[in-house]
Amino acid sequence: MTATAPLTAKDFASDQEVRWCPGCGDYAILKTVQRTLAQLGTPRENTVFVSGIGCAARFPYYLSTYGFHTIHGRGPAIATGIKLANPELDVWLVTGDGDALSIGGNHLIHVLRRNVDIQILLFNNEIYGLTKGQYSPTSRRGTRSPSTPKGSVEAPISAAALALGAAGRFVARTVDTQQKRMPDVLNRAHAHRGASLVEILQNCIVFNDKVFSHITDKSVADERQIHLEHGKPMLFGAERNRGLRVRPGTLKVEAVTLGEDGITQDDILVHDETDRTLASILAVMEPPTLPVALGVLYCDPAPTYGESVSNQQESLAENQGLNDLLRSGRTWTVAG
Amino acid sequence: METHTAEPSPAPRETLDAVVIRFAGDSGDGMQVAGAQFTQETALFGNDLATFPDFPAEIRAPVGTTFGVSAFQIHFGVQVRTSGDAPDVLVAMNPAALKVNIGDLKLGGLMVVDQNTFTQRNLTKAGMESNPLEDNSLAPYQVIPLEISKMTLEAVKGLGLSQKDALRCKNFWTLGLMLWMYDRDREATTEWLAKKFAGRPEIAEANITALNAGHAFGETAELSSNITGYSVAKAKVEPGLYRTVTGTEALAWGLLAGARAAGLKIVFGSYPITPASPLLHNLAHLRAYGVTTFQAEDEIAAVCSAIGASYAGALGVTSSSGPGIALKTEAIGLAISTELPLVIVNAQRAGPSTGLPTKTEQSDLHQAVYGRNGDAPMPVIAASTPTDCFEVAIEAVRLATTYMTPVMLLTEGYLANAAEPWLIPDADKLPKFPVKFRTDPENFQPFARNPKTLARPWAVPGTPGLEHRIGGLEKDSVTGDISYDPDNHQHMTDARAAKINGIANDIPEQQIQCGETGGDLVLVGWGSTYGPINQAVRHARDEGHDVAHIHIRHIWPLPRNLGDLLGTFDRVLVPEMNNGQLLTLLRSSFAIPAEGLNKVSGKPFLVSEILTDIHTRLGSNS
Ligand code: SF4
């Protein structure tokens, strides 16, 4: 069955009817992922999509690769086991804000710090969709939902900041509808050896519609999004005349306009994706004062968990005899 | 590797058939080490033996307190089935150890005491009003008070140890004395010390010196005091090559043997918990044998990593104790639903909740058989002795891979730590049950069942043409696609149950361990109660009672002939270390009026407790 002709996006679609709500951001992500898989050219048989529970977790059913729809929050641990058993497999984890940051928070931080070689696609819609609209760990303060009729009183988690705190080596962010930019981010995540976290801002049209419109609306997008490129000055805005700089005498990053107050190109910060401190600042930037950082915030590869484990294993002679083991240590013979 | 005979003692030794010794001291006194070394020398001598290490939950309890007392009991002789009821000999290294253990010592039993520790301060710490060595309260016993601390310090004087380190050699001084008393060698202990303290030769030397000094003390004191040497008859055992093993070692090696028989690599995911952690430590040393161990972030991740590994074509194994198994429950349900092989080891401890982590119990049987949401059947098997753990582990792997199912393997804290001699099997002659992964894409359906076993095919990622999706949602009975169809759910629920029930046809029929069918009373046990029940039944039979012993390895499904077999007896008695869990399982499975004998003190059954119960039920007082 190994196709000799290159696979197309269509070849990565399964025969299952897609059952998200019409207009859900997940459709766009699915299309982009299928396209990216075709571009990557990895064989379907070596690709595994693992998911937990939630709307996003249906993802594996709609792909023609291997797929394992597991239990709530535990996808990272299942994926770790898959990689331990067969490091050759290309494993993707699809998760949501509740799955990854609430019930599965513990597993997410540990899969990141261990640097297990998988891609984690975290669909963040700031709400619990499948259970009908309760606030989630990424919901902003004041979010009204069936379980918070007067508005949520909790501070939200930043997935990107958490990933950096958990010693993640690759952190990126993209938006469901940005079908031109997302493939590049997915490609980078795939190319990175180790755990790659991609936060995808995803619109839940039914329970949290337009929660990202203050960032994604055409009218504000240019001013409120910054698309990062390694080694390039961090500029944004319709005229690309806005930029980020460190305010002199502080560690604060601020948005400035070229040509105003004597600001020149030289004042603008250059993106260095291997700089964890910079990434930590970028991770939490928010409108209205600062644009939301999109693209690869941080990429600084380190040995993967699988490499480290197999290095230890290879230093030992493989496949020793069981009889030697059973007879190791003190033994004695009882004569017949 | 023949045993070496000890130097001949001047006086003739009294010969015994069996002896029970309990070493007791403060947690910091090294009683477990002394016990383990005595066990090794005893095995090399050629006795049959069983041990019972009993230690406190605290890592370093306050010195000298009763709750910091650690004990190690060994029963050795010609034929030994239990770790012994009442000790014949008690070694008490301090007042607290004496206080906690004196009640168990046989009347007239021997007590070796470190009298140097019987200071007012230590007596107060142990909550003793007066010094038992002086107030005549020990009159019913033969007490040998010795200046063990002082003699140890003298023996290692000049070896450059601090007072504290020097005093820590007293367990080896005591061990030396006991080895002399029961006529065993010191060679294995000397070698062990040299290896253990290879990096600190002065510690090795001091301990060896103390060991020899204790031994020499026995030899010389014999002539001038009431210290007597004994010899204990060797076991009459099958010829062959032997070693000692703990339940944990046998289990680790059994899992490996099972994986080899199936042709799989092991991925073992676990999280530290008492008393299961030693299995993780053991397996972590077996990397060269194709074992991958993974210390997960929690119990749930531990079982999930094992499930992921099985999904990807390895043998996933996880282990824990009751509280951790509770956390794994949802994931076990996923493995049942996706029909993936998995071995779950539960080293049971006393519960509920955190319970008594270091104390043994058999109270997770219902958790194992029933404790999941939905109708989620799973095979359950239990080990009876430390060496039995080897065979049970192989059987667990066989069932898991043949039937594509998780299997719960029950051991107990007691079995995990206890040791016994083992006739080492030839690994090449162990049964093989190679796994055949599905590779043929032709007509592949993820849930099309093998007509005989009802197992679904094991199709692992990486196989071209078999790409498919599985999950915890109900699946179509053929394609494995999500299905909400009512008839399909009925069918799948029935199929999962039928698959597990069918295992009854693939396990041995239940045998009677001793006695005959149709007797007045049968004692039915499982797990570590094997020894005491067997001993008690043999004793009752010698007295002329028509009693039998049945020991169940396969807890679920039960052996197919068990109901009929139990039906032939007038009465069924189920001794177990819980509040009646196998009892209710047998009653509900066979509608028989079985009766229970239950003990949940954190200590194993005594033979005498079971025997007394047999007498009561049979209305005799012999
Ligand atoms: S509930 Fe929201 S996230 Fe879920 S499928 Fe519907 S639109 Fe998408």
Side-chain angles (χ1 to χ4, degrees), chain A residues 1-2 14-16 43-51 53 57 60-61 63-86 88-89 106-107 109-110 309 312-313 316-323 325-327 329-336, chain B residues 1-3 40 43-44 46 188 237-244 253 256-257 260 265 267 269 286-290 292 294 296-298 300-301 304-309 311-314 316 330-331 334 424-428 441 461-473 481-482:
Chain A
M1 281 280 286
T2 331
S14 75
D15 59 354
Q16 299 295 296
R44 277 183 299 203
E45 66 265 24
N46 285 345
T47 306
V48 185
F49 273 78
V50 178
S51 65
I53 294 291
Y61 290 113
L63 290 166
S64 62
T65 64
Y66 281 91
F68 198 173
H69 177 215
T70 72
I71 47 178
H72 207 5
R74 320 304 174 194
I78 302 251
T80 300
I82 293 173
K83 289 295 282 189
L84 281 172
N86 185 356
E88 304 304 318
L89 294 172
N106 195 29
H107 309 305
I109 61 179
H110 290 281
V309 168
Q312 284 192 356
Q313 232 139 6
L316 301 156
E318 264 292 327
N319 255 347
Q320 297 199 22
L322 189 56
N323 267 329
L325 176 65
L326 301 185
R327 284 156 185 74
R330 278 261 169 189
T331 60
W332 67 95
T333 303
V334 174
Chain B
M1 270 170 274
E2 284 291 304
T3 44
Q40 180 69 75
L44 291 171
V237 293
E238 238 182 280
L241 188 67
Y242 281 78
R243 67 173 304 138
T244 57
W253 298 340
L256 180 58
R260 293 249 167 134
K265 290 202 166 195
V267 174
L286 300 185
R287 287 207 162 154
Y289 297 85
T292 300
F294 172 62
E297 59 270 25
D298 61 24
I300 299 170
C304 285
S305 65
I307 293 170
Y311 171 70
E330 186 198 9
L334 176 69
I424 307 170
D426 183 350
D428 299 331
T463 317
L466 301 190
E467 297 85 358
H468 64 284
R469 276 63 56 192
I470 58 170
L473 285 167
D481 294 336
I482 301 173

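In this text the structure is predicted, and so the values were computed from the model without any measurement.
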Contact winner vs chain B - A:L84, A:T47, A:D15, A:V50, heavy-atom pairs under 4.5 Å: A:L84
Expected output: side-chain B:E467 to main-chain A:E45 donor-acceptor under 3.5 Å: yes
Donor-acceptor contact present, side-chain A:Y66 to main-chain B:T463, <3.5 Å: yes
Portion of B:E238 that has a non-hydrogen atom of chain A nearer than 4.5 angstrom: backbone
B:L334, part contacting chain A, at a heavy-atom distance under 4.5 Å: side chain
For chain B, the option from A:L89, A:V48, A:N323 that forms the most heavy-atom pairs under 4.5 Å: A:N323
Structural part of B:Y311 lying under 4.5 Å from a heavy atom of chain A: side chain
Over all atoms of both residues, closest heavy-atom pair of B:C304 and B:A331: SG-CB, 3.9 Å
Polar side-chain atom of A:T70 near backbone of A:S51 as donor-acceptor pair, under 3.5 Å: yes
Contact class of B:A306 relative to chain A, heavy atoms under 4.5 angstrom: neither
Donor-acceptor contact present, side-chain B:R243 to main-chain A:L326, <3.5 Å: yes
Any donor-acceptor pair under 3.5 Å from B:R469 side chain to A:F49 backbone: no
Greatest number of heavy atom pairs closer than 4.5 Å to chain A - which of B:A314, B:A257, B:P425, B:G313: B:P425
Top of B:L256, B:D298, B:D428 for chain A proximity - count of heavy-atom pairs under 4.5 angstrom: B:D298
Rounded distance [0.5 Å steps], CD1 in B:I482 versus NE2 in A:H69: 7.0 Å
Under 4.5 Å from a heavy atom of chain A, the part of B:L286 involved: side chain
Best-contacting candidate, A:I109, A:I82, A:T80, A:N86, against chain B by heavy atom pairs under 4.5 angstrom: A:I82
Side-chain donor or acceptor of B:T244 paired with backbone N/O of B:Q40 under 3.5 Å: no
Under 4.5 Å from a heavy atom of chain A, the part of B:V237 involved: both
Under 4.5 Å from any heavy atom of chain B - which part of A:L322: both
Least distance between heavy atoms, A:G73 atom then A:H107 atom: O-CD2, 3.2 Å
For chain B, the option from A:R327, A:K83, A:E88 that forms the most heavy-atom pairs under 4.5 Å: A:R327
Minimum-distance pair of heavy atoms, taken over all atoms of B:L466 and B:H468: O-ND1, 2.7 Å
Largest heavy-atom contact set with chain A, pairs under 4.5 Å, which of B:G462, B:G472, B:A301: B:G462
Largest heavy-atom contact set with chain B, pairs under 4.5 Å, which of A:L63, A:N46, A:I71: A:I71
Heavy-atom pairs under 4.5 Å with chain A, option from B:G269, B:A312, B:A296 with the top count: B:A312
